[in-house]
There are 2 protein chains.
Amino acid sequence: MTRHTINDVARAAGVSKGAVSLAFNNRPGLSPDTRERILATARELGWTPSPRARALSVSRALAVGLVVARPPETLRSDPFFPSFIAGVESELSQHGYALLLQVVPEHDAEHQSYRRLSHEGRVDGVFVTDLYVDDARPALLAELGLPAVIVGPALSEPFWPAVGVDDAPGIAAAVEHLVGLGHSRIAHVAGPREMVHGRSRREAWSTALHRTGLPEGPCIDSDFSAEAGAAATRELLDLADPPTAIVYANDLMAIAGLAVATSRGIDVPGRLSITGYEDTELGAHVQPPLTSVCSDVIGWGRAAARRLLELIDQRPATDVSLPPPTLVVRASSGPAPVHRATHPTTGTPDT
Amino acid sequence: MTRHTINDVARAAGVSKGAVSLAFNNRPGLSPDTRERILATARELGWTPSPRARALSVSRALAVGLVVARPPETLRSDPFFPSFIAGVESELSQHGYALLLQVVPEHDAEHQSYRRLSHEGRVDGVFVTDLYVDDARPALLAELGLPAVIVGPALSEPFWPAVGVDDAPGIAAAVEHLVGLGHSRIAHVAGPREMVHGRSRREAWSTALHRTGLPEGPCIDSDFSAEAGAAATRELLDLADPPTAIVYANDLMAIAGLAVATSRGIDVPGRLSITGYEDTELGAHVQPPLTSVCSDVIGWGRAAARRLLELIDQRPATDVSLPPPTLVVRASSGPAPVHRATHPTTGTPDT
DNA sequence: TTGTACGCGTTATCAT
DNA sequence: ATGATAACGCGTACAA
């Protein structure tokens with residue numbers, strides 16, 4: 001019951017090692033029936049090529065890497081990665097590739113990780129997530145010669161292709177939804193200005209408002225964390241002329257913001273409407289349930305993996321069109337209040 | 001600037017390949033100064049052994065696997081894995097090991113994954129999480145001869161060691177906290193009976209109550225999801241004699257339960273106290289902030305990885321004592337109501 | 001300490 | 001066209 005090798009198969013099929021290799025790699029040079037005979041023999045013996053040996057001989061790792069640089073605290077509640085990874089895996093496994101994951105606390109460590117992965121030849125390519133404006137990683141990876149795919153909004157990145165769901169339609173849908181409900185003072189709690197997906201969502205919010213002819217509401221920079229989302233919300237509610245609706249750049253901040261509003265006795269959605277982004281499981285189960293933007297993260301992962309494998313194999317990019325995100329309307333968004341209180345924290349009942 | 005090999009180092013140091021290998025593996029058979037000279041030369045050339053070649057030659061993968069079998073939906077909001085993985089990585093990287101991750105939708109697929117990982121020799125060992133009572137995986141892995149560490153409550157598992165933070169002290173602390181606040185009817189929203197950590201938390205709750213001399217409150221089986229947590233909460237609140245406090249088996253269910261209470265106009269903690277488990281980021285930012293049990297998940301990951309590497313190397317287990325979980329008290333738990341309403345949904349103001 | 005076989009496929013070179 | 005042969009990738013380990 002010991003492990004079989006290519007030699008066992010070759011012997012059993014009465015051919016040479018080389019022939020078995022040709023058969024398994026769909027390479028010309030074999031008559032159809034010997035090819036079939038070889039494959040059948042391999043099937044019987046339960047043999048498949050060893051990735052270890054293959055890796056050494058083809059000078060490839062047959063694995064790709066995902067390095068996530070965040071303090072675990074920030075990462076903890078992030079719903080993105082599990083789905084993304086599931087999608088990635090579904091594509092990789094079909095090509096005999098594996099996913100190697102690392103979670104490191106900060107950016108410097110991430111650079112070290114890439115260097116090591118590349119130097120040791122552990123991976124043939126990597127995904128880069130949470131791209132910053134002027135991010136140094138693409139250049140580093142180019143220097144290392146390590147193929148990469150940017151996971152996030154497509155941008156004119158000189159080094160590597162980007163695969164991402166476009167944020168804009170989802171944010172636009174949220175804004176239009178709120179405008180349709182009569183809101184005219186729509187704020188945004190944004191992701192960090194330095195992060196590409198923070199910036200793109202902010203721009204989408206701004207653009208959508210301009211398109212409807214409304215002025216931009218106030219916009220507070222935040223960092224995608226619950227803590228900062230809560231602080232931003234307090235800041236907005238403290239304004240002399242607070243917004244009647246807030247578009248958050250993710251669910252985590254939206255849920256924290258919701259708690260802030262509730263704790264001040266501000267009725268949601270009676271006095272304040274709220275939308276999130278990402279449609280987390282919990283969003284549907286807070287009070288009131290959160291209106292949010294939902295995108296196909298699994299499909300996204302699959303597409304990113306496909307692109308990365310193409311890049312590694314130097315194949316041309318196949319077109320993948322990811323479905324645009326959709327707005328899931330729940331009870332956290334409702335008609336704009338008829339009378340706008342001058343100061344919501346003094347809370348007179350609405351309608 | 002092409003990649004160096006062990007031969008380059010050997011030549012540069014004026015020794016044989018074998019000597020370089022001995023030097024890098026701290027093996028006897030080399031004079032101290034040649035050893036040092038070899039290491040210095042390697043440092044100069046920036047050479048480290050190639051995991052690929054090593055893997056083939058030592059007949060090891062130099063990687064361990066983590067297969068997570070859950071529908072992405074369920075996994076999405078799970079805060080456990082990122083921290084756990086960070087801890088795992090910190091240990092693995094020191095030993096030249098890498099972590100290979102897979103996310104599969106259901107249990108059958110997980111079995112397939114293990115079979116494949118083992119058959120292809122992709123990993124030298126795996127972590128098994130979310131253990132079920134009578135789980136078939138340990139036996140499968142034993143049959144495959146693939147070393148495994150159970151991540152979860154220590155239990156008398158015949159095949160593999162378990163590494164886990166003991167749930168009991170944390171749950172007990174929550175129960176005692178509530179008892180100290182005057183609660184006498186303390187319910188539990190449990191994880192699935194078939195899951196080991198569901199069961200262990202339930203038993204901890206039961207034991208803690210008995211120790212204080214209080215009768216068990218009602219206990220509803222749930223499944224760790226927000227959806228089911230909400231349903232369980234509704235069920236509890238519909239009882240003729242509803243509990244004044246609910247101990248949830250995780251934060252996700254607790255937050256969903258909180259929303260249910262709030263939506264019924266039940267004041268938390270005035271009329272109902274709530275505790276969670278896991279201390280997620282969001283728990284501190286819901287309204288009211290959630291009392292929860294916090295454990296050192298990163299340390300847990302580190303310990304599990306260490307044990308797995310020991311198992312792979314057939315070394316004896318070193319003792320690791322993980323710090324017991326601690327109770328983080330926030331505003332969702334408070335004094336038991338003085339007058340217990342006969343039916344909380346008819347909600348007369350409290351105190 | 002050194003020489004060399006070995007692990008296990010892949011691929012370039014040859015032979016029919 | 002088909003298929004065999006042998007070198008190769010890069011460390012490790014055992015005999016000398």
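By convention in this document, chain letters (A, B, ...) are assigned in the order of the sequence lines, proteins followed by strands, and residues within each chain are numbered from 1. None of the values given here were measured: they were computed from a predicted structure.
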Check whether any side-chain N or O of [X] sits under 4.0 Å from OP1 or OP2 of [N], and answer yes or no.
| X | N | value |
| --- | --- | --- |
| B:Trp47 | D:dC10 | no |
| B:Arg27 | D:dA13 | yes |
| B:Thr34 | C:dT1 | yes |
| B:Asn7 | D:dC10 | no |
| A:Ser31 | D:dG3 | yes |
| A:Arg54 | C:dC8 | no |
| A:Ser57 | C:dG9 | no |

Nearest-nucleotide 5' precedence on DNA chain D, A:Leu22 against B:Ile6: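 Nearest-nucleotide comparison on DNA chain D picks A:Leu22.
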Does this structure show an ion pair linking [X] with [Y], if we count only N-O contacts that are shorter than 4.0 Å?
| X | Y | value |
| --- | --- | --- |
| A:Glu143 | A:Arg115 | yes |
| A:Arg60 | A:Asp313 | yes |
| A:Glu91 | A:Arg306 | yes |
| B:Arg3 | A:Glu120 | no |

Between P of C:dT1 and CZ of B:Arg37, the distance in whole Å: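 Whole-Å distance recorded here is 8 Å.
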Rounded distance (Å) that lies between atom P of D:dG11 and atom CG of A:Leu56: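 For the pair A:Leu56 CG and D:dG11 P, the rounded distance is 9 Å.
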Nucleotide nearest [X] (side chain, heavy atoms from C-beta), chosen from [options]:
| X | options | answer |
| --- | --- | --- |
| B:Lys17 | D:dT12, C:dG9, C:dT11 | D:dT12 |
| B:Val15 | D:dA4, C:dG9, C:dT2 | C:dT2 |
| A:Ala53 | C:dT2, C:dC8, D:dG3 | C:dC8 |

